[in-house]
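Okay, so here's the structure we're looking at.
Within every chain, numbering begins at 1; the chains are lettered A, B, ... in the order of the sequence lines, protein sequences first and strands thereafter. Keep in mind that the numbers below use all heavy atoms, side chains included, and drop hydrogens, waters and symmetry copies. What you are looking at is a predicted structure, and each value in this text was computed from that prediction instead of being measured.
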Amino acid sequence: MPRGSATETRPADLSILKAIQEALWLEMERDERVIVLGEDVGTLGGIFRVTRGLQQRFGPERVFDTPLAEASIVGASLGLALGDMVPVAEIQFLGFTHQAFHQLGPQLGRYRFRSRGRFHAQVTIRAPFGGGSRTPEHHPDALEAQLAQMPGIKVVCPAFPADAKGLLLSAIRDPDPVLFLEPEKLYRSVSAPVPEGDYTTPFGSAQLVRQGTDLTLVGWSAGVHLCLAAAETLAVGGASIAVLDLRSIVPLDVDALVDAAKETGKVIVVQEAPLTGGFGAEVAATIQGEAFESLDAPVRRIAAPDTPYPPGALEDHYLPSPQRLLEAAREMLGY
Amino acid sequence: MPRGSATETRPADLSILKAIQEALWLEMERDERVIVLGEDVGTLGGIFRVTRGLQQRFGPERVFDTPLAEASIVGASLGLALGDMVPVAEIQFLGFTHQAFHQLGPQLGRYRFRSRGRFHAQVTIRAPFGGGSRTPEHHPDALEAQLAQMPGIKVVCPAFPADAKGLLLSAIRDPDPVLFLEPEKLYRSVSAPVPEGDYTTPFGSAQLVRQGTDLTLVGWSAGVHLCLAAAETLAVGGASIAVLDLRSIVPLDVDALVDAAKETGKVIVVQEAPLTGGFGAEVAATIQGEAFESLDAPVRRIAAPDTPYPPGALEDHYLPSPQRLLEAAREMLGY
Amino acid sequence: MKPDQIIEALRLMLLSRALDEFCIKLQRRNRLGVYAPVHGQEAAVVGSAMALDPADDWMIPASREQPAMLRHGLPLENLLATYTGKVDHGRIPSDVKLLLRQQAIAAQLPHAVGLAWALKLRGLAAVALVYFGDGAASEGDFHEAANLAGVQNVPLIFFLINNRWAISTPVSKQTAAEDLSVRAAGYGFEGLRVDGDDLFAVYEATREAVARARAGGGPTLIEACTYRVGFHNTSDNPREYRDEAEVAAAEANDPIERVRRYATAAGIWSGEEEARISLEISTELNATYRKVASLPRPGPNAIFEHVYEEQPTRVRRQRDTLLNQLPEPDDAG
Amino acid sequence: MKPDQIIEALRLMLLSRALDEFCIKLQRRNRLGVYAPVHGQEAAVVGSAMALDPADDWMIPASREQPAMLRHGLPLENLLATYTGKVDHGRIPSDVKLLLRQQAIAAQLPHAVGLAWALKLRGLAAVALVYFGDGAASEGDFHEAANLAGVQNVPLIFFLINNRWAISTPVSKQTAAEDLSVRAAGYGFEGLRVDGDDLFAVYEATREAVARARAGGGPTLIEACTYRVGFHNTSDNPREYRDEAEVAAAEANDPIERVRRYATAAGIWSGEEEARISLEISTELNATYRKVASLPRPGPNAIFEHVYEEQPTRVRRQRDTLLNQLPEPDDAG
Ligand SMILES: Cc1ncc(C[n+]2csc(CCOP(=O)(O)OP(=O)(O)O)c2C)c(N)n1
Ligand SMILES: Cc1ncc(C[n+]2csc(CCOP(=O)(O)OP(=O)(O)O)c2C)c(N)n1
Ligand SMILES: [Mg+2]
Ligand SMILES: [Mg+2]
């Protein structure tokens with residue numbers, strides 16, 4: 001385990017960052033084919049220090065800094081996997097996967113299919129994303145909807161430390177490629193109990209992180225915490241609000257969405273990305289498609305406007321805010 | 001006009017390909033800042049001969065073959081526009097815009113915003129797309145949903161010759177960047193009257209290409225023709241089916257979608273892309289969001305499955321088929 | 001090259017030329033999809049392939065290296081199966097160290113780097129060789145891959161087939177560089193140019209690069225200068241954009257004829273031998289095609305296979321719905 | 001360089017150093033966002049900028065070329081306004097031929113090619129100069145841009161600031177190439193290396209390249225070898241990854257001190273002169289910052305401005321809803 005010293009004991013609560021670190025550490029111990037690559041992941045341990053300590057522990061053969069070239073990080077990871085290694089690549093910020101898009105969906109996502117099963121791409125791509133930290137455009141861009149249009153790739157987006165660890169262990173062991181989206185803003189700000197040792201958390205299984213009967217708020221990654229805060233506030237007023245954490249958007253837990261609609265009849269979905277074509281559209285379209293009769297009101301979307309990510313000074317106006325969510329929820333409850 | 005000889009007269013009907021050619025020709029005549037660039041667009045006139053004759057007429061300074069490098073085609077087009085030229089770039093197939101994604105949304109789409117209006121990017125990117133011609137993967141990939149998550153860029157997708165001409169003229173003159181998606185399969189197979197001379201067709205204005213009262217089929221690009229064929233078939237059985245051609249997905253004509261739902265209470269949307277996260281999700285989410293009370297049934301999506309584009313031999317199973325659309329429509333009519 | 005290698009090479013080159021003709025004919029009769037011929041590039045393709053050991057080394061094709069793929073162990077049957085849409089029969093056998101042909105120009109280059117890197121990390125004495133064209137050399141993927149290969153010093157040969165054309169774009173519009181092999185210097189490894197129509201020169205250059213890579217000496221960029229005598233592919237008509245004289249000159253310098261002449265002078269080849277082998281080849285092509293043609297066409301379920309190891313619920317449901325709705329296929333495409 | 005140019009350069013370099021200190025202090029007090037210092041690279045940045053004619057030529061920055069941007073006409077006020085989130089006041093004035101700083105590494109390179117190409121197509125005798133780093137040189141965008149610039153023979157100077165580091169990645173892990181300027185040969189144009197800490201060498205090399213480009217001689221790649229003495233930016237702590245001895249050596253070779261010594265020996269500079277100018281600079285910085293700090297913060301409507309020339313209906317409705325909902329901003333960020 002990544003500890004300051006041998007005598008230091010691991011606390012029961014870990015931050016998301018520490019949980020991810022623990023998963024990487026465990027899996028590199030367990031499977032020596034696992035290697036970590038990316039910009040600044042070695043000596044520095046990554047911009048956010050997620051990979052700190054790995055190079056010292058596992059050596060520069062298994063943890064290495066790559067040149068500044070995202071397409072080659074993704075493309076070479078595919079090649080490494082075809083050569084029986086298990087690469088866990090970091091793209092410094094999700095926005096810079098755009099530099100590698102042609103190596104993601106069209107290559108990583110299709111190599112198994114194209115080869116009719118002769119090859120597969122056991123590759124994990126980790127990347128932080130999400131707003132609220134005053135990082136400039138590209139860095140916080142929430143590209144999950146674009147990634148969801150890449151069949152063959154799974155898109156995983158934990159919101160809690162225990163899930164971050166369990167989902168990352170699943171991702172690395174998954175024989176298929178996984179994009180693992182890390183909520184930058186929550187890296188250090190959210191801590192919670194994380195089981196020690198080895199466990200995996202399945203994909204495609206959303207979690208009802210709060211029960212409720214009047215309205216369901218659906219989110220993923222940092223959005224879940226926005227939902228929880230709103231639910232808390234509304235509970236004070238007596239409303240019973242459920243919160244559903246998708247945990248992975250591909251595969252999508254359609255049944256959980258249907259159940260939510262059946263249970264509460266009202267759903268709001270929160271996304272950080274611009275409204276048009278965001279993944280909230282898929283959530284809304286799916287729910288109305290599969291649970292139309294259960295809906296008491298249209299599925300409502302809370303999203304950024306259809307404008308580019310603004311400079312930090314304007315970020316708070318741009319991102320879905322607690323206030324916007326609360327207003328929508330109150331309207332919805334009165335529908 | 002691009003004619004075989006000076007004496008040849010222009011027919012009233014043009015194919016989509018000829019309509020696009022005519023728009024390019026007219027605009028290059030009208031505005032000498034307009035230049036055409038892309039792979040094989042010069043001597044050959046493009047893989048599909050859309051730009052045939054332009055280099056002979058306007059010279060190799062205004063119509064040129066670029067190296068095989070999509071990101072530089074898009075990035076240099078932005079630079080050309082900043083230098084007061086009006087580039088109309090061709091990406092040989094829409095799937096290869098993935099090679100240039102980091103130059104599209106994040107650069108082309110944001111240069112005006114980032115510069116607070118000091119600069120703008122009057123760039124048109126043309127690209128053929130869509131299945132049904134047995135071209136291998138990447139070539140037919142329908143990426144419009146990914147493009148719709150690029151604020152600052154407009155995404156235009158004509159289905160008819162007259163629109164192709166009018167929308168392309170609008171695109172080239174639009175001070176903002178436009179992705180102009182051309183339906184490869186229809187290039188030569190759809191002919192219809194095209195007004196001579198100069199005219200523009202506005203973006204963000206969907207067209208009801210067939211009136212009906214029982215059900216609305218919504219499509220864009222080649223999908224519109226699938227809808228029309230289905231409507232025709234169903235009319236034989238006495239059903240009154242409306243068909244709405246979006247013509248541009250960004251900007252999206254929300255009011256037309258709402259009107260369709262109000263008019264018919266039932267809507268099916270057709271997309272060629274895989275279901276999850278496709279633009280049909282936006283259409284369904286918008287309609288249920290804005291016209292919930294008018295809906296007699298959930299908005300139904302007809303799409304490809306969530307699997308990679310298959311080899312030509314399997315294409316017909318993969319794409320939305322007339323039969324699948326008809327089945328869904330019949331179910332819907334009986335809802 | 002030893003005599004038996006020369007014979008092997010000549011046979012592969014003849015097979016390649018015959019395969020081109022065979023497939024083009026089939027394509028014209030709508031029996032197969034698009035075909036991209038090797039015509040004119042046989043020495044570059046075969047000479048490089050023969051420097052590899054198929055038992056250990058990996059080959060990463062671009063798209064028109066048919067005889068190299070066959071030499072490396074891909075059965076002719078699988079090649080023809082892929083061309084004719086019998087996708088599952090086209091699968092690369094599990095003991096053949098060959099990656100897939102690539103539709104997206106240059107995208108295979110970083111894969112090759114990763115694969116070679118894995119060989120190195122695993123301590124194997126194997127190398128990889130990746131093919132790409134003069135057009136591909138303009139893509140960002142080439143640059144990023146070459147730079148990464150250099151800095152990781154991986155056992156990889158970048159084999160650039162400069163056939164002067166990328167569809168209708170001549171190399172003079174592709175780049176202002178006179179010599180593409182000099183790019184290697186910018187990545188810290190060796191680059192060299194060979195006459196790509198000289199089988200022996202190609203073989204020797206590749207063999208040296210392979211030996212260096214195997215010994216831990218890292219990557220090499222080899223630019224093989226040749227000419228695309230054929231069309232880009234069966235959808236293309238080069239008369240629309242290039243001078244027939246240029247083509248005629250290349251044809252006069254036919255790489256097969258050069259080897260044929262050498263082998264004949266060396267007394268290891270004759271007209272009878274060639275007639276015998278040509279017959280063998282055409283028999284093999286016909287028999288294999290007949291076999292492949294009789295294979296069942298893939299059904300709609302093939303769309304849903306091999307997407308993920310385990311089918312997610314939503315995909316499974318899409319499959320169930322689709323298979324219930326689909327009519328019998330009426331065309332193999 | 002003539003005496004008045006040397007004085008101008010020295011003043012710019014001193015301003016740059018002072019600006020670094022000033023902004024870092026402000027950042028530490030949370031008055032501005034992330035700041036990336038120029039420290040150590042002043043000769044490379046200023047020497048190259050001074051070879052351009054701001055009236056005709058275009059400058060395309062990467063991200064840490066503050067004195068070059070100022071030299072090219074960007075008012076200090078606008079620079080500070082951008083840093084402090086007063087986005088609209090940071091706008092580049094319409095008569096300043098400067099593109100935007102770039103967050104996405106290397107993305108500005110194809111823009112620069114297009115812009116230079118436009119200058120050529122329009123028959124202007126202007127050139128463009130684009131900055132980028134040793135890290136940026138690994139991106140596919142660099143390769144595609146350089147190749148296109150070569151083949152179109154555009155009037156563009158690729159000015160590569162090799163400061164040995166890309167965040168924590170040393171250039172030895174960035175590439176196996178010893179010399180990045182050799183890459184130009186692979187694109188068919190000239191490349192050269194200069195001591196990036198020698199103001200005069202940088203100026204002369206750039207001036208020659210500019211003259212060649214202006215005369216239709218096409219692009220040049222100039223690699224200026226220098227050192228990033230400061231941190232990558234205010235979020236970075238280089239002690240975590242690099243040897244202090246290396247930094248000390250670079251500091252001992254301070255590019256400003258080199259010019260100072262030369263100018264003093266030449267009798268055109270003195271301690272008093274420097275004191276006077278330093279005071280002038282700090283007065284200017286303080287006054288400008290005070291002015292900028294007093295400017296109103298952008299309101300939420302700024303999100304909706306300058307997205308498109310004409311706001312599409314859906315965006316307008318989003319704006320109307322959002323502006324109705326938003327509370328008063330409580331933080332300028
Ligand atoms: C990324 C990408 N862009 C464009 C194309 C279309 N295309 C197919 S082959 C080709 C030319 C390739 O030229 P070269 O690399 O020289 O290989 P050659 O065909 O000569 O063997 C082009 C532009 C593609 N397949 N992929
Ligand atoms: C495409 C992209 N990838 C990664 C980053 C993160 N990043 C910002 S600066 C930087 C290093 C840049 O190094 P270099 O080009 O040498 O410029 P320098 O910082 O030394 O001036 C990196 C990796 C980014 N901004 N853009
Ligand atoms: Mg070629
Ligand atoms: Mg650097």
Check your understanding: Is it the backbone or the side chain of D:Ala106 that comes under 4.5 Å from a heavy atom of chain A, or both, or neither?
Key -> neither

Check your understanding: When you look at D:Glu240 and A:Arg52, which way does the salt bridge (charged side-chain N to carboxylate O under 4.0 Å, His left out) test go after all the steps?
Key -> CA-CA 11 Å; D:Glu240 293 185 59; A:Arg52 172 171 271 175; 2.4 Å; yes

**Study point:** For chain D, the option from A:Thr276, A:Leu44, A:Ile47 that forms the most heavy-atom pairs under 4.5 Å
**Key:** A:Leu44

Exercise for review: Answer yes or no: is there a side-chain heavy-atom contact under 4.5 Å between A:Arg134 and D:Val34?
Suggested key: no

Exercise for review: Step through the shown structure and confirm whether more than 12 heavy atoms of other residues, nucleotides or ligands are within 6.0 Å of CD on D:Glu178.
Suggested key: no

Review point. Given side chains that start at C-beta, do those of D:Lys173 and A:Thr43 come closer than 4.5 Å, heavy atoms only?
Key: yes

**Study point:** CG-CG distance between D:Asp134 and A:Leu68, expressed to the nearest 0.5 angstrom
**Key:** 9.0 Å

Check your understanding: Could you walk me through whether D:Asn301 and A:His317 pass the side chain to side chain contact (heavy atoms under 4.5 Å, CB included) check?
Key -> CA-CA 9 Å; D:Asn301 191 42; A:His317 303 312; over 6 Å; no

Check your understanding: Quick one: what part of D:Val315 sits under 4.5 Å from any heavy atom of chain A, side chain, backbone, both or neither?
Key -> side chain

**Study point:** Within 6.0 Å of CZ in D:Arg101, more than 12 heavy atoms from elsewhere
**Key:** yes

**Study point:** CA sep, side-chain torsions, deciding dist, call: A:Asp40, D:Ser168, side chain to side chain donor-acceptor pair (under 3.5 Å)
**Key:** CA-CA 6 Å; A:Asp40 306 296; D:Ser168 77; 2.7 Å; yes

**Study point:** Distance (rounded to the nearest 0.5 Å) between A:Thr307 OG1 and D:Arg319 CZ
**Key:** 12.0 Å

**Study point:** Minimum-distance pair of heavy atoms, taken over all atoms of A:Gln99 and D:Ala104
**Key:** NE2-CB, 4.0 Å

Review point. Which bit of A:Glu315 is near chain D, if near means a heavy-atom gap under 4.5 Å: side chain, backbone, both or neither?
Key: neither

Point to revise | N/O donor-acceptor pair under 3.5 Å between D:Gln103 side chain and A:Pro136 backbone | key: no

**Study point:** Minimum-distance pair of heavy atoms, taken over all atoms of D:Ile303 and A:Tyr318
**Key:** CD1-N, 3.5 Å

Practice item. Indicate yes or no: at least one non-hydrogen side-chain atom of A:Arg324 is less than 4.5 angstrom from one of D:Leu322. Key: yes

Review point. Does any heavy atom of chain D fall under 4.5 Å from the side chain of A:Pro305, the backbone, both, or neither of them?
Key: both

Exercise for review: Identify the two heavy atoms, one from D:Val307 and one from A:Asp306, that lie closest to each other, and give their separation to 0.1 Å.
Suggested key: CG1-O, 4.2 Å

Point to revise | Side-chain heavy-atom pair D:Ile167, A:Glu39 within 4.5 angstrom cut-off | key: no

Point to revise | Heavy-atom proximity to chain D below 4.5 Å, by part of A:His98 | key: neither

Review point. Is it the backbone or the side chain of A:Thr66 that comes under 4.5 Å from a heavy atom of chain D, or both, or neither?
Key: backbone

Practice item. Please look at D:Arg242 and chain A and tell me whether the side chain, the backbone, both or neither of the residue comes under 4.5 angstrom of a heavy atom of that chain. Key: neither

Check your understanding: Does some side-chain heavy atom of D:Val87 sit less than 4.5 Å from a side-chain heavy atom of A:Leu314?
Key -> yes

Revision key, fill the gap. Heavy atoms of A:Ala313 and D:Gly85 approach each other most closely as CB-O, 3.7 Å

Exercise for review: Grab the two heavy atoms, one from A:His138 and one from D:Gln102, that are nearest each other, plus how far apart they are.
Suggested key: NE2-OE1, 4.1 Å

